[in-house]
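FYI, side chains are in, hydrogens and waters are out, and symmetry mates aren't considered; it's all heavy atoms of this structure. In the text below, chain A, chain B and the rest are named by the order of the sequence lines, each starting its count at 1. It should be emphasised that the depicted structure is a prediction, and the values quoted were computed from it without experimental measurement.
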2 protein chains.
Amino acid sequence: MARAATTADAFNAVAEPRRREILDALAQGERPVNDLVELLGLAQPHVSRHLRVLREVGAVDVRDEGRQRLYRLNPQALKPIHDWVASYQHLWEERFELLEDVLEDLKGEDLKDQESNEN
Amino acid sequence: MARAATTADAFNAVAEPRRREILDALAQGERPVNDLVELLGLAQPHVSRHLRVLREVGAVDVRDEGRQRLYRLNPQALKPIHDWVASYQHLWEERFELLEDVLEDLKGEDLKDQESNEN
DNA sequence: AAATTGTATACCCATATGTATATGCATTGG
DNA sequence: CCAATGCATATACATATGGGTATACAATTT
């Protein structure tokens, strides 16, 4: 077996820096292909290919407008990635959590002043 | 040019599901290779290879303990990924934010007559 | 020292990458 | 209806993946 296809999932699709650039560009709004060609400095066929990959994993949507194809970001496709890394976030922020634990303990010992505050 | 090396950065390293599994396992604590072999149901050489990739991108650290090698998660290596996706988070949560705004407005205007909800 | 255990590395293979280049196919303009 | 424009797809190529299997190496046990 070879490496998983770039179209296998968002993780693979987004591993390619150019595709991240494309998504970054589309985060600012819908764009035709040639806009991206200029922005990335890549040949048009390459951009089209990258867009195809992104489309296949649902990271972008297309819309036909005359002879242009307008690509639009579909951010929800990135959510699985976020969900996965987010579960690690507390690990690199452990120090803060420990601090919070301490504060929690302190609060527990004399919490007669406050009762509810949400964040 | 072929696809970027899996060792190019955390994005590429983590695109492989088995490597994510390994990290998930290590999130619960230091483990020797054979533990992971059993956990993943892969051949030992493959696990060693995956660990090498993860080591090269700094996602894991190793420690020698007798004839075992204990691998440990280094969560900070995942931070760049988190930082990148996090910048998109507000986009897929926009709907909720808008909804919250609306609710806020409704509450402000007449907060006695409110029970319908949207989907 | 020899045997055993725990890992790492070497080699083979099929696959699919990303870039390059050329071509195909709509849509719009004359 | 023909040319031009905006994209997509087809083909060619070097690379390196992940899995398999065999082997090498280090530490411990005997």
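For the side chain to side chain contact (heavy atoms under 4.5 Å, CB included) test, no residue two or more places apart in sequence or in another chain qualifies with B/E38.
In this model, the phosphate group of D/dA8 is approached by a side-chain N or O of A/Y71 to a distance below 4.0 Å at OP1 or OP2. Between B/R18 and D/dG18, a side-chain N or O to OP1/OP2 separation shorter than 4.0 Å is absent. Residue A/T6 places at least one side-chain N or O closer than 4.0 Å to OP1 or OP2 of C/dT17. Between B/N34 and C/dT7 there is a side-chain polar atom (N or O) within less than 4.0 angstrom of OP1 or OP2. The side chain of A/R69 contributes an N or O atom lying less than 4.0 Å from OP1 or OP2 of D/dA8. Phosphate proximity of D/dG18 to B/R19: present, with a side-chain N or O under 4.0 Å from OP1 or OP2.
Regarding A/H46, its NE2 atom lies at a distance of 15 Å from the P atom of D/dA10, rounded to whole Å. One can place CG of B/L54 at 10 Å from P of D/dG18, the figure rounded to the nearest angstrom. Across the protein-nucleic acid pair, B/D64 atom CG and D/dA26 atom C1' stand 9 Å apart, rounded to whole Å. Atom P of nucleotide C/dT9 and atom CD of B/E56 are separated by 9 Å, given to the nearest angstrom. In this entry the distance linking CG of B/L36 with P of C/dT7 reads 9 Å, nearest Å. Between the CG atom of B/L70 and the C1' atom of C/dT7 there is a distance of 12 Å, rounded to whole Å. The CZ-C1' distance, from A/R52 to C/dT19, rounds to 17 Å in whole Å. Rounded to whole angstrom, the span from the CZ atom of A/R3 across to the P atom of D/dG19 amounts to 12 Å.
Counting distance only, with no hydrogens placed and no angle test, the side-chain atoms of B/H50 and the base atoms of D/dG18 include no donor-acceptor pair under 3.5 Å.
The existence of a salt bridge linking B/K79 and B/D83 is confirmed by a sub-4.0 Å separation between a basic side-chain nitrogen and an acidic carboxylate oxygen. Salt bridge annotation for A/R69-A/E65: absent, with no cationic side-chain nitrogen under 4.0 angstrom from a carboxylate oxygen. In this structure, A/R63 pairs ionically with A/E30, as a charged nitrogen and a carboxylate oxygen lie closer than 4.0 Å.
Mapped onto DNA chain C by nearest heavy atom, B/R55 and A/A4 fall at different nucleotides, with B/R55 at the one closer to the 5' end. Along DNA chain C, the nucleotide closest to B/L51 and the one closest to A/N12 are compared, and the more 5′ of them pairs with B/L51.
B/W92 and A/N74 share no donor-acceptor pair across their side chains, judged by distance under 3.5 Å alone.
Among the heavy atoms of the strands lying under 4.0 Å from B/Q68 are primed sugar atoms or P, OP1, OP2 only; no base atom is included. A/R49 comes within 4.0 angstrom of a base, heavy atoms only. Nucleic acid contact for B/A5: sugar-phosphate only, since backbone atoms but no base atoms lie under 4.0 Å from a heavy atom of the residue. Within 4.0 Å of B/P45, counting heavy atoms only, lies at least one base atom of the nucleic acid.
Distances were taken from every side-chain heavy atom of A/R67 (C-beta onward) to each of C/dG6, D/dG6, C/dT15; the shortest belongs to D/dG6. When distances run from any side-chain atom of A/Q44 to the nucleotides D/dA8, C/dT7, C/dG29, the shortest one goes to D/dA8. Closest contact between the side chain of B/P32 and the listed nucleotides C/dT7, D/dA8, D/dG18 involves C/dT7.
Of the listed residues (A/R55, A/R18, A/R19), just one forms a side chain to side chain donor-acceptor pair (under 3.5 Å) with A/H50, and that residue is A/R19.
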